[in-house]
Amino acid sequence: MRRYILTDSERHIAKRYLKKGEKLDGFRTLLTRCRHMEKVQEDLDLIRQLLEKTNS
């Protein structure tokens, strides 16, 4: 299982946009990927629930 969702490059692109409003190469691709991440959010919620239950 991967231990990350975004690559280092995608993190850089996102941070640069959030900090300076600058749209680097790959911004549109990243934005499209982010818009289609409903399943990722569901998976993260499931992981949080599992960890909460096992840490009790």
- Query: Of the non-hydrogen atoms in Arg11 and Leu6, which two are nearest, and what is the gap between them?
  - Reply: NH2-O, 2.7 Å
- Message: For Asp25 versus Ile13, what's the shortest heavy-atom pair and its separation?
- Response: O-CD1, 3.2 Å
- Note on the structure: In this structure, CG of Asp43 is separated from CE of Met1 (nearest 0.5 Å) by 9.0 Å
- Task: Only pairs at least two apart or in different chains count here, so list each salt bridge (charged side-chain N to carboxylate O under 4.0 Å, His left out) that has a residue in residues 29-40.
- Result: Glu10-Arg33, Lys39-Glu42
- salt bridge (Lys or Arg N to Asp or Glu O under 4.0 Å) filter on Glu22, not counting sequence neighbours, yields Arg16
- Within a radius of less than 6.0 Å around CZ of Arg2, do more than 12 heavy atoms belonging to other residues, nucleotides or ligands occur? yes
- Item | Qualifying residues under salt bridge (Lys or Arg N to Asp or Glu O under 4.0 Å), relative to Asp45, sequence neighbours excluded | Arg48
- Given side chains that start at C-beta, do those of Leu44 and Ile5 come closer than 4.5 Å, heavy atoms only? yes
- Item | By side chain to side chain contact (heavy atoms under 4.5 Å, CB included) - contacts of Thr29 (at least two apart) | none
- Query: According to the ring-ring contact (aromatic ring centres under 6.0 Å, His included) rule, which pairs have a member within residues 31-55, sequence neighbours left out?
  - Reply: none
- With sequence neighbours left out, write down each residue that passes side chain to side chain contact (heavy atoms under 4.5 Å, CB included) with Tyr17, or none if nothing qualifies. Lys23, Phe27
